[in-house]
Colleague: 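One structure, as structure tokens, below. Some questions next.
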Amino acid sequence: MKPSLPKGTRDFGPLQIRKRNYIFDIIKDTFETYGYQPIETPAMEKLETLMGKYGDEGDQLLFKVLNNGDFLSKADQDALSAQDSNKLLPSISKRGLRYDLTVPFARFLSMNRNDLPRIFKRYQIQPVWRADRPQKGRFQEFYQCDADVAGSDSLVYETELMEIYDRVFDKLGIEVTIRVNHRKILAAIAELAGLGNQFIAFTTALDKWDKIGKEGFDGELKKLGCEDGAIEKTLDVITKGYENGKVKQVLESTSAGAEAVKEINQLNKLGAFDGLANKAKIDLTLARGLTYYTGLVFEVEGKNTGLGSLGGGGRYDDLTGIFDYPDISGVGISFGAERIFETLEAQNGFPEFSASSSRVLFMPFDEESLLYSYNWCTQLRNAGIPSEVYPSPDKLKKQFRYAEQIQVPKVALVGEKERTSNVVGLKDQKTGEQRDVELEELMELLK
RNA sequence: GUGGCUAUAGCUCAGUUGGUUAGAGCACCAGAUUGUGGUUCUGGGGGUCGUGGGUUCAAAUCCCAUUAGCCACCCCA
């Protein structure tokens, strides 16, 4: 049988795992620095937990897990004979793979509300699954790294989440722009355009601004039935940008806009835009698709990556309402591990890694030397020094070949000569230098 | 879900207007080389040409169907 993988999934080799861990460790350490606590949730959730949370399109993209056992006899026979997949689904599948980390977090929070601190800061780094068509930088199984705060509407958390974005990308050496906007500003602009009652349609159109530009957006507004005068006003506000004094005035003339401006002022006071290594700016064209955002929204864009966003997030007022746990405000951000990986790969941004962690490989010339080598190796291991032995006295060509394959930095050659004088011939694989060393010195050198 | 491109050795690919035994590089194995590899040289194994059908004296090559992968759109990380 010819081996292959399901669509949109990948294996990770040793070197890739080291590179991925490098990214995850930086993100994790930064989350920890800000006091976020780790949780994990199952790959599978009940389908009822997942369905209806991501819109119709999201429901389509959910992986459903077929029930075990004789699922056909228990299936909805009417739906089955009518070939109605949507109606059939609940009777043949009760579980699905998680689509993101936010909904499982909301479920977790609701279930454990009594055991968690009043304000809960959690992070979670796990794979999620989407039955999307794979393409460049997009997979059906991919990792998200989320940090969320539940139980407080303080802008302190928006501030620290922006700082976390900044720190992580600074440490990774990726230059980014942190785009910030407020859903209530969007509401104010939608009102301005006379599209207050078509808010979602308005935001999806606005979200395309980057791609279709001012003219394209003009057309989208017309399609939505926006009048010429209103279009002009709307385009004027968006092109002039938030920092323009007149624009601020216009926004403040609506109650939603006034609230948003107040929050952004507060964010400024907290220093969210100060002392960052990367650029952060209010961008009126940032919309973010997810419908549950209600306050500030963020998106991180790499410079010239052509990969879309490297992460995003925002404030959602009623995170857990659907799980009978009302009035919990949340704010969170997500890092897209795959795109960060591709960005670093493209700019050669990873440190050098070896596939193996071994610092030395023992190479025995004869059976007697193999035992001698294993004995030395054990002593290194007991001292916490990663090391290994080539398992048979093969030709040196073969042994060196293996040393190269595992990218071990040093080899210890052992033959009769070395044994009798109680040393090994320690050779540096890069420089080719070689000299005899005793066990104690070997340990010192490899520490 | 919509559109486009591709499918030949483990990997990357060549293969002329349809023509005799389908090739290269990399990788793998062995030897040149029984205490010092990475270079070089020699030899070797490995293919139902994605699958099914059709046209033809003859198909990797042309036609139809089908499956899978990639790219773009929608949406997203």
Side-chain angles (χ1 to χ4, degrees), chain A residues 1-10 13 23 27 54-62 85 98-102 125-146 165 176 200 203-205 207-208 210-212 287-291 298-302 305-313 332-343 361 363-366 368-369 390 393-408 410-420 424-436:
Chain A
M1 162 178 150
K2 196 178 179 182
S4 65
L5 284 170
K7 189 197 303 196
T9 67
R10 301 148 294 160
I23 295 171
I27 292 174
Y54 310 104
D56 288 346
E57 187 132 9
D59 286 351
Q60 294 298 313
L61 298 181
L62 274 172
S85 303
R98 75 164 101 76
Y99 180 90
D100 70 0
L101 301 178
T102 308
I125 299 178
Q126 289 192 277
V128 302
W129 294 268
R130 294 182 190 176
D132 206 358
R133 272 230 190 143
Q135 48 184 281
K136 205 185 184 83
R138 284 173 79 165
F139 306 93
Q140 294 203 335
E141 178 186 63
F142 61 97
Y143 275 74
Q144 287 192 328
C145 317
D146 275 30
Y165 265 145
V176 296
I200 302 291
T203 53
T204 8
D207 214 25
K208 294 182 195 158
D210 285 349
K211 268 187 196 161
I212 61 180
R288 301 283 306 156
L290 286 172
T291 46
F298 312 106
E299 187 155 295
V300 178
E301 232 167 51
T305 53
L307 275 174
S309 77
L310 300 177
I333 57 172
S334 178
F335 288 85
E338 322 303 333
R339 291 183 181 178
I340 292 174
F341 185 94
E342 307 236 338
T343 303
L361 170 72
M363 305 200 329
F365 294 156
D366 52 55
E368 189 68 28
S369 301
Y390 191 90
D394 280 351
K395 282 183 182 172
L396 279 185
K397 174 165 176 159
K398 268 194 169 180
Q399 301 202 35
F400 270 116
R401 220 171 130 61
Y402 176 70
E404 228 180 289
Q405 285 173 330
I406 64 169
Q407 299 166 284
V408 70
K410 287 186 166 60
V411 297
L413 296 136
V414 181
E416 195 184 351
K417 202 175 73 189
E418 286 80 10
R419 277 199 328 263
T420 47
V424 296
L426 185 68
K427 180 168 184 172
D428 186 299
Q429 284 290 84
K430 249 199 188 124
T431 63
E433 281 168 40
Q434 181 177 338
R435 70 192 173 88
D436 289 350

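Every chain is numbered from 1 and lettered A, B, ... according to where its sequence line falls, protein lines coming before strand lines.
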Colleague: So which nucleotide does B:C76 pair with, by the Watson-Crick or G-U wobble rule with both distances under 3.5 Å?
Modeller: none
Colleague: Between B:G46 and B:C11, how many Å separate the two C1' atoms, rounded to a whole number?
Modeller: 13 Å
Colleague: Have a look at A:Q399 and say if it touches a base, only the backbone sugar-phosphate, or nothing, with a 4.0 Å heavy-atom cut-off.
Modeller: nothing
Colleague: For atom P, what is the distance between B:G15 and B:A60, given to the nearest Å?
Modeller: 16 Å
Colleague: Does B:G4 have its OP1 or OP2 closer than 4.0 Å to a side-chain nitrogen or oxygen of A:R133?
Modeller: no
Colleague: Under 4.0 Å between any heavy atoms, over every strand shown, what does A:G415 touch: base, sugar-phosphate, or nothing? Just pick one.
Modeller: base
Colleague: Ignoring hydrogens and geometry beyond distance, is the side chain of A:E418 in donor-acceptor contact with the base of B:G35 at under 3.5 Å?
Modeller: yes
Colleague: Report the nucleotide, chosen from B:G37, B:G35, B:C75, that has the shortest atom-to-atom distance to any side-chain atom of A:E404.
Modeller: B:G37
Colleague: Less than 3.5 Å between a donor and an acceptor, one on the side chain of A:K397 and one on the base of B:U36, is that the case here?
Modeller: no
Colleague: Select one nucleotide: of B:A77, B:G35, B:C75, the one nearest the side-chain heavy atoms of A:T204.
Modeller: B:C75
Colleague: Considering only the P atoms, how many Å lie between B:G3 and B:U66, rounded to the nearest integer?
Modeller: 13 Å
Colleague: Quick one: A:L5 CG to B:C70 C1', roughly how many Å, whole number?
Modeller: 15 Å
Colleague: Measure the distance from NZ on A:K395 to C1' on B:C29 and round it to the nearest whole Å.
Modeller: 12 Å
Colleague: How close do A:P134 and A:Q140 get, counting heavy atoms only, and between which atoms?
Modeller: CD-NE2, 4.2 Å
Colleague: Between B:A77 atom C1' and A:Y54 atom OH, what is the distance in whole Å?
Modeller: 13 Å
Colleague: For A:Q144, answer base if it contacts any base atom (sugar-phosphate contacts may also be present), sugar-phosphate if it contacts only those atoms, and nothing otherwise; contact means non-hydrogen atoms under 4.0 Å.
Modeller: sugar-phosphate
Colleague: Can you tell me if A:Q135 touches the phosphate of B:A72, counting only side-chain N or O atoms and a distance under 4.0 Å to OP1 or OP2?
Modeller: yes
Colleague: Can you measure A:L62 atom CG to B:C76 atom P for me and round it to whole angstrom units?
Modeller: 14 Å
Colleague: May I have the distance from A:D366 (atom CG) to B:G35 (atom P), rounded to whole angstrom?
Modeller: 10 Å
Colleague: Indicate the ring-plane relationship of A:Y99 and A:Y54, choosing parallel, tilted or perpendicular according to the 30° and 60° boundaries.
Modeller: tilted
Colleague: Pairing check on B:G25: which nucleotide meets the Watson-Crick or G-U wobble criteria with it, both distances under 3.5 Å?
Modeller: B:C11
Colleague: Does the structure show a Watson-Crick or G-U wobble partner for B:G37, both distances under 3.5 Å? Name it, or say none.
Modeller: none
Colleague: Quick check: on RNA chain B, is the nucleotide nearest A:F335 upstream (toward 5') of the one nearest A:F365, or the reverse? Name the residue that is more 5'.
Modeller: A:F365
Colleague: Ignoring hydrogens and angles, state whether a donor on the side chain of A:T204 or A:D207 is under 3.5 Å from an acceptor on the partner side chain.
Modeller: no
Colleague: Figure out the CD/C1' separation between A:E433 and B:U36, and round it to whole Å.
Modeller: 15 Å
Colleague: Please lay out, stage by stage, how A:R419 and A:D366 fare under the test salt bridge (Lys or Arg N to Asp or Glu O under 4.0 Å).
Modeller: CA-CA 11 Å; A:R419 277 199 328 263; A:D366 52 55; 2.8 Å; yes
Colleague: Roughly how many Å apart are B:U12 and B:A58, using the C1' atom of each and rounding to a whole number?
Modeller: 31 Å
Colleague: Is it the case that the base of B:C75 and the side chain of A:R138 share a donor-acceptor contact (distance under 3.5 Å, atom types as modelled)?
Modeller: yes
Colleague: Check whether any side-chain N or O of A:K7 sits under 4.0 Å from OP1 or OP2 of B:C70, and answer yes or no.
Modeller: no
Colleague: Would you measure the distance from the C1' atom in B:G50 across to the matching atom in B:U6 and give it in whole Å?
Modeller: 11 Å
Colleague: If I pick the P atom on B:U55 and the same atom on B:G47, what distance separates them, to the nearest angstrom?
Modeller: 30 Å
Colleague: Does B:U16 have a Watson-Crick or wobble mate here (both distances under 3.5 Å), and if so which one?
Modeller: none
Colleague: Under the side chain to side chain contact (heavy atoms under 4.5 Å, CB included) criterion, do A:Y402 and A:M363 qualify, and how do the steps go?
Modeller: CA-CA 10 Å; A:Y402 176 70; A:M363 305 200 329; over 6 Å; no
Colleague: Is A:F400 stacked on the base of B:G38, with ring centres under 5.5 Å apart and planes under 30° apart?
Modeller: no
Colleague: Can you find a donor-acceptor pair, distance only, under 3.5 Å between A:Q434 side chain and B:U36 base?
Modeller: yes
Colleague: What is the distance from NZ of A:K410 to C1' of B:G37, rounded to the nearest Å?
Modeller: 17 Å
Colleague: Using atom P of each nucleotide, how far apart are B:U16 and B:G53 to the nearest Å?
Modeller: 25 Å
Colleague: What's the CD-C1' distance between A:Q140 and B:C76, to the nearest Å?
Modeller: 13 Å
Colleague: Rounded to the nearest 0.5 Å, what's the gap from CD on A:Q429 to CD on A:Q434? Could you check?
Modeller: 10.0 Å
Colleague: Partners of A:F365 by side chain to side chain contact (heavy atoms under 4.5 Å, CB included), sequence neighbours excluded?
Modeller: A:L396, A:L413
Colleague: Is a donor-acceptor contact shorter than 3.5 angstrom present between the side chain of A:K430 and the base of B:G38?
Modeller: no
Colleague: Specify the residue among A:L413 and A:R401 whose closest nucleotide of RNA chain B lies further upstream toward the 5′ end.
Modeller: A:R401
